[in-house]
**Student:** 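Can you keep this structure in mind? I'll have questions shortly.
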Amino acid sequence: MINKPLVLTYLYLFIYILLSSGVILYNKWVLSPKYFNFPLPITLTMIHMGFSGLVAFFLVRVFKVVSPVKMTFEIYATCVIPISAFFASSLWFGNTAYLHISVAFIQMLKALMPVATFTMAVMCGTDKPRCDVFLNMVLVSVGVVISSYGEIHFNVVGTLYQVTGIFAEALRLVLTQVLLQKKGLTLNPITSLYYIAPCSFLFLFVPWYLLEKPEMEVSQIQFNFWIFFSNALCALALNFSIFLVIGRTGAVTIRVAGVLKDWILIALSTVIFPESTITGLNIIGYAIALCGVVMYNYLKVKDVRASQSPAESIPDRITKDWKLEKKSSDIYIPNSIGDHGAGNGSTDVHLDEEAPLIPSSRLSYIGRTALK
């Protein structure tokens, strides 16, 4: 007999991996001068934010699919605005990196995400320095250095953009924990887009006006409505696919799916973009970094399990929280920050940079991607 819930879970994971990889490859194709030739990463990011914010507005205010949270000016000014600023920065720098380095090398650099998040968590006081975690961070860093040394088309500018985007995303994750969760505020994917996307759009407007608007006036930039519409639609769908995955799986499953997605993406990028050459040193360095990431993930999952009651599994607790959130008008107030891993730096989930708009309490169980 077919286990329908299990099949549905794997279907959601497959959709997440497909959309996450697709958005990254699609963005690369659109931005690359060798292909669609739209070398305006801020403009592309603003299109994503504008489209997502508009859809969220209709879902919240017109169709009333979900109710807006009780957002005060204080919470908006002290929580939403800082988080939106770093979210916009991470997408801006991450998308700009596509103009200079390959998708495969970008995925290898993203192995630095745990290093960046742990560093930011320690600096912000949400995590404490630990010898075992520090050794993992050293292993990851050594692997990334080796991988960078083996990169044939190494570009300093592109690497700096990507690393800066990683640290901006890490700080956003830590701020989400420190600011939103401490105020007992949880946003689902729709309300996240409703509040954060417009604010991120406004933050991107200033660099766009200074850097890309003059270029658009003097250059003959092609604009294809259906390409940009489908691109923005994929990014929006990715947000909701992550919500479905988190609601049905546990921390270990999502982490394994993230690692699998990275390897698939590296392989696909070399096929779709022939200029993305991978060397043996690239693979060795990334494998070393991945060992550090896997060990780090193991420690974080172990910490989360230790903070929960032995009789309750992670997937069961995730499902219970998801049901509770549905019954509470899309607002979930955690019993205590410690229950959601606030003291162990568990906000280092990085499912995807195109979809980090879900500062839900469920994310704290995971410890990206994409994620990008």
Side-chain angles (χ1 to χ4, degrees), residues 107-149 162-163 166-178 181-182 246 249-263 283-315 317-318 334 336-351 356 361-371:
Q107 293 306 120
M108 294 176 189
L109 288 175
K110 285 178 185 176
L112 286 172
M113 191 63 202
V115 178
T117 308
F118 179 69
T119 303
M120 294 295 105
V122 171
M123 290 176 62
C124 294
T126 63
D127 206 346
K128 296 180 180 178
R130 293 168 48 182
C131 183
D132 53 352
V133 176
F134 177 75
L135 291 176
N136 286 338
M137 301 300 97
V138 172
L139 184 62
V140 171
S141 301
V142 169
V144 171
V145 169
I146 294 174
S147 181
S148 301
Y149 184 78
Q162 183 59 42
V163 173
I166 288 172
F167 274 88
E169 172 64 5
L171 188 53
R172 185 202 68 81
L173 289 170
V174 174
L175 284 177
T176 299
Q177 178 185 9
V178 172
Q181 291 186 7
K182 279 190 176 180
I246 292 173
T249 62
V252 176
T253 305
I254 294 178
R255 288 177 182 274
V256 171
V259 172
L260 177 63
K261 183 212 71 173
D262 288 341
W263 281 108
I283 298 298
I284 293 173
Y286 185 61
I288 293 173
L290 197 59
C291 288
V293 171
V294 170
M295 292 170 63
Y296 177 75
N297 287 344
Y298 170 76
L299 290 174
K300 285 304 169 186
V301 172
K302 187 178 178 181
D303 288 344
V304 172
R305 285 178 173 172
S307 68
Q308 297 176 358
S309 59
E312 190 173 31
S313 66
I314 291 177
R317 189 161 180 173
I318 292 173
S336 67
I337 300 302
D339 287 344
H340 301 284
N344 57 19
S346 59
T347 53
D348 54 345
V349 61
H350 185 65
L351 292 172
S361 60
R362 290 186 301 280
L363 286 183
S364 59
Y365 290 111
I366 309 166
R368 77 72 109 286
T369 56
L371 298 294

**Student:** Working to the nearest 0.5 Å, report the span between CG of Leu171 and CD of Glu169.
**Tutor:** 10.0 Å
**Student:** List the atom of Lys110, the atom of Ile166, and the distance in Å for their closest heavy-atom pair.
**Tutor:**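 Minimum heavy-atom separation between Lys110 and Ile166: CA-CD1, 3.8 Å.
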**Student:** Looking at Ala121 and Val174, what are the two nearest heavy atoms and their distance?
**Tutor:**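 The answer is N-CG2, 3.8 Å.
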**Student:** Under 3.5 Å, side-chain donor or acceptor atoms of residues 137-149 against the rest of the protein: list the pairs with distances, not counting sequence neighbours.
**Tutor:**
from   : atom 1 : to     : atom 2 : distance (Å)
Ser141 : OG     : Met137 : O      : 2.8
Ser148 : OG     : Val144 : O      : 2.8

**Student:** Would you sort out whether Lys302 and Asp132 count as a salt bridge (Lys or Arg N to Asp or Glu O under 4.0 Å), showing the intermediate values?
**Tutor:** CA-CA 13 Å; Lys302 187 178 178 181; Asp132 53 352; over 6 Å; no
**Student:** Restricting to non-hydrogen atoms, name the atom on Phe118 and the atom on Pro129 that form the minimum distance, rounded to 0.1 Å.
**Tutor:** CZ-CA, 4.1 Å
**Student:** Taking side chain to side chain contact (heavy atoms under 4.5 Å, CB included) as the test, write out the residues that go with Leu260, two or more places apart.
**Tutor:** Ile17, Ile264
**Student:** Are any of the side-chain heavy atoms of Leu173 and Met113 separated by less than 4.5 Å?
**Tutor:** yes
**Student:** Could you list the residues that satisfy side chain to side chain contact (heavy atoms under 4.5 Å, CB included) with Leu135, not counting sequence neighbours?
**Tutor:**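 Leu135 satisfies side chain to side chain contact (heavy atoms under 4.5 Å, CB included) with Cys131 once adjacent residues are dropped.
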**Student:** Report yes if the side chains of Asp127 and Gln177 come closer than 4.5 Å at any heavy-atom pair, otherwise no.
**Tutor:**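 No, too far: nothing below the 4.5 Å cut-off.
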**Student:** Got Trp263 and Leu290 here, is their nearest side-chain heavy-atom distance under 4.5 Å?
**Tutor:**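 The answer is yes, as the side chains (C-beta and beyond) meet within the 4.5 Å cut-off.
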